[in-house]
Amino acid sequence: MSHVRAGGSSLELANAIEALIRERGGECAFPVNIGVNEVAAHYTPSKTDDIRFRTGDVVKIDVGAHVDGYPADTAATVEVDTKNFSALITAAQDALRVCIEMIAPGTTVSALGGATSRTIRAAGFKPVENLTGHSMEKFNLHAGLSIPNIETRDKAVLTEGMVVAIEPFSTTGVGKVDGSKRGSIYRIVRERRAPAEVTGLFEGIKRSFGPFPFAGRWCDALDPDAGQHLSKMVRMGMVMSYPVLTEVGRGVVAQAEHSVIVTKDRCTVLT
Ligand code: MN
Ligand code: MN
């Protein structure tokens, strides 16, 4: 967070964070997401569409690391040199803290959503209703359980030993994200018969990143023509690309996130 400053490059920041994860003996569980202002999620810099931070930007950094396939996922928000959105950022942090205090075996995901929504609305903002936290398992970043940011009818409960990422999003906008613009984050979908050079890159991706999401820019080390082959794999349905998710009302978005493990009577924060 301390490296986010006006004029700084999001590509350099992403590279530095990812290098740090690898230096410390982890692997990236997904490319570092750097979402500026109304960009809520799923943006990682590519080699060519690098962004430079500007004074007043609200920057979300969302980081995932795994060790032997066990992932952890965490995020925080910082504003570049100004304090116009401190209350928005604090609202997401407060919602996260309230959720962490509530978590124990038997806590319903809907109760967490309700608490998130109430905390963020009490601060005068909206929760993002179509982004959620998620359970995690070995080699699985989204292991089936969703933790909403609003109250729902979902009766699912947390149980001892579950690992979940809790990630409230607050916004000055309408409280919804969508996106159709292809980003630079990808994931393997299925194997298909393809030209040898495409299959070669597919195998390299599987070997290097397993089932976890990966960045287009990571593939250059595997194949100098990776960009071209990647586009082909997306067209063939071998790989999916995540669209960049932007706030529908073009509101500014803040995010806070921790991964926790549910213990016998509460939870322990892992990140
Ligand atoms: Mn995250
Ligand atoms: Mn997450």
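All ligand and atom numbering here is 1-based and tracks the order in the structure. Reckoned from all heavy atoms, side chains included, excluding hydrogens, waters and symmetry mates. Please read these numbers as outputs of a predicted model, since none were measured by experiment.
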Between His134 and Glu167, a side-chain donor and acceptor under 3.5 Å: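 Checked: His134/Glu167 side chains pair up, N/O donor to acceptor below 3.5 Å.
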
Going by distance alone, is a donor N or O of one side chain under 3.5 Å from an acceptor N or O of the other, for Asp62 and Gln255?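 Result is yes, a qualifying pair exists.
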
Between Arg97 and Thr119, do the side chains contain a donor N or O and an acceptor N or O under 3.5 Å apart?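 Note: Thr119 and Arg97 side chains miss the donor-acceptor criterion.
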
Which atom of Asp73 approaches the Mn ion (ligand 1) most closely (N/O/S):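 Result for Asp73 and the Mn ion (ligand 1): OD1.
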
Examine Glu257 and say whether one of its N/O/S atoms is closer to the Mn ion (ligand 1) than 2.8 Å.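 Looking at Glu257, which is the residue asked about, there is an N, O or S atom under 2.8 Å from the Mn ion (ligand 1).
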
Can you tell me if Glu167 has an N, O or S atom under 2.8 Å away from the Mn ion (ligand 2)?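 So Glu167 counts as coordinating the Mn ion (ligand 2), yes.
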
Path from Ile261 to Leu145 over hydrophobic side-chain contacts below 4.5 Å: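 No, separate clusters.
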
